[in-house]
Structure formats: structure tokens, C-alpha cells
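By convention here, the first residue in the shown sequence is residue 1. These numbers come from the heavy atoms of this one structure, side chains and all, not from hydrogens, waters or symmetry mates.
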Amino acid sequence: MFVVIDGHAPWGDVYDGGTTEPIVLYRRVGAGYCYVAFDSDELRKRLLIKNGQTVLVEYNIFSDFGNERGYNVRSVDGLLLANSEFVVRDYWRSGGRILGPGDTQSSTDDCP
């Protein structure tokens, strides 16, 4: 996924209500974007030199009988954030899907 550490994503600014601009990880999905935003000093320091570049993001995906019921971010650039359902580091996170022009799918399709 692409990373920006100042909250300025291609579709506009991402604001988390905090005092710092969030770290935003995003990728294109059709005409829109899937993203996750973080507020973490440790993650910000690690990704500072990778601003505007791509980083490896791993997810834990939880399912029941083949149907996805949820997910979390396992690691970003090798930094472990969650081990299965257990959070390893303290951070704030939000995310979802931004629909693009002409995109009629629901706001949660194709994310993570």
C-alpha cells in the first residue's frame, strides 16, 4: 500500500480529530480507494523515510463458514501491530473505502 504520513491522501485530507495528522495507508480499488489511517508515534518514526512510497501491509482476516466477519491490520512494514485478535501495540486506527466517480459498490466492498 502507499503511505503518507501527513494525512494528505489523493482524495483529500484525512482527519482523525487528534492533534497530529494521521498516517494513511491506501490502495486503488476500481475507481476508489481502500485506506487505513493510524495515529502512532512509533509507526510514524518507522515510516518517515518511506513517505509517498509503498510498504507491505499484512491483515488478519476473520471469517465464519467462509464469510468475512472482520479484519485488523497485522503488521505495517514488518512492525507487528496485532497478533490475531490481540493488539500488540497501542494505536488509533480508522479506515474504509472512498468511492470514486461512477463507482456504485457499497462502501465496504473490496476492503481490506
Side-chain angles (χ1 to χ4, degrees):
M1 297 179 81
F2 289 95
V3 61
V4 292
I5 60 166
D6 59 3
H8 303 298
W11 62 89
D13 290 349
V14 176
Y15 178 67
D16 66 3
T19 57
T20 61
E21 296 170 319
I23 301 156
V24 181
L25 303 166
Y26 67 92
R27 62 184 164 87
R28 292 288 307 203
V29 176
Y33 295 91
C34 280
Y35 77 96
V36 62
F38 290 95
D39 188 1
S40 164
D41 289 336
E42 185 176 10
L43 191 57
R44 183 179 310 281
K45 288 175 189 172
R46 184 179 189 104
L47 298 177
L48 185 62
I49 62 170
K50 296 187 178 184
N51 190 30
Q53 299 177 22
T54 59
V55 294
L56 179 64
V57 178
E58 295 179 318
Y59 288 91
N60 292 308
I61 299 176
F62 309 105
S63 61
D64 291 319
F65 305 106
N67 296 316
E68 183 181 323
R69 66 173 167 85
Y71 67 91
N72 65 20
V73 176
R74 175 179 167 69
S75 67
V76 176
D77 195 42
L79 182 64
L80 186 65
L81 301 177
N83 188 5
S84 185
E85 295 183 13
F86 302 100
V87 174
V88 176
R89 288 184 165 71
D90 186 29
Y91 61 88
W92 168 89
R93 180 188 80 86
S94 72
R97 181 154 188 228
I98 303 297
L99 298 176
D103 195 343
T104 58
Q105 296 179 359
S106 75
S107 63
T108 59
D109 286 352
D110 304 316
C111 288

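- Shortest non-hydrogen contact noted between Ala37 and Val14 is CB-CG1, 4.0 Å.
- Rounding to the nearest 0.5 Å places CG of Leu80 at 5.5 Å from CZ of Arg74.
- Taking a 6.0 Å sphere around CD1 of Ile49, one finds it holds 12 or fewer heavy atoms contributed by other residues, nucleotides or ligands.
- Here Arg44 pairs with Ile5, Thr20, Ile23, Asp39 under the side chain to side chain contact (heavy atoms under 4.5 Å, CB included) rule; sequence neighbours left out.
- Counting only heavy atoms from C-beta outward, the side chains of Glu58 and Val73 never approach each other to under 4.5 Å.
- Atom CG of residue Leu48 and atom CG of residue Leu43 lie 11.0 Å apart, to the nearest 0.5 angstrom.
- Residues satisfying the side chain to side chain contact (heavy atoms under 4.5 Å, CB included) test with Tyr26, not counting sequence neighbours, are Phe2, Val4, Pro10, Trp11, Val24, Tyr33, Tyr35.
- Residue Val55 comes nearest to Lys50 through the heavy atom pair CG1-CD, 3.7 Å, listed as atom of the first residue, atom of the second, then distance.
- Scanning both residues, His8 and Asp13, for their nearest heavy atoms gives ND1-OD1, 2.5 Å.
- Rounding to the nearest 0.5 Å gives a distance of 12.0 Å between CG of Leu79 and NZ of Lys45.
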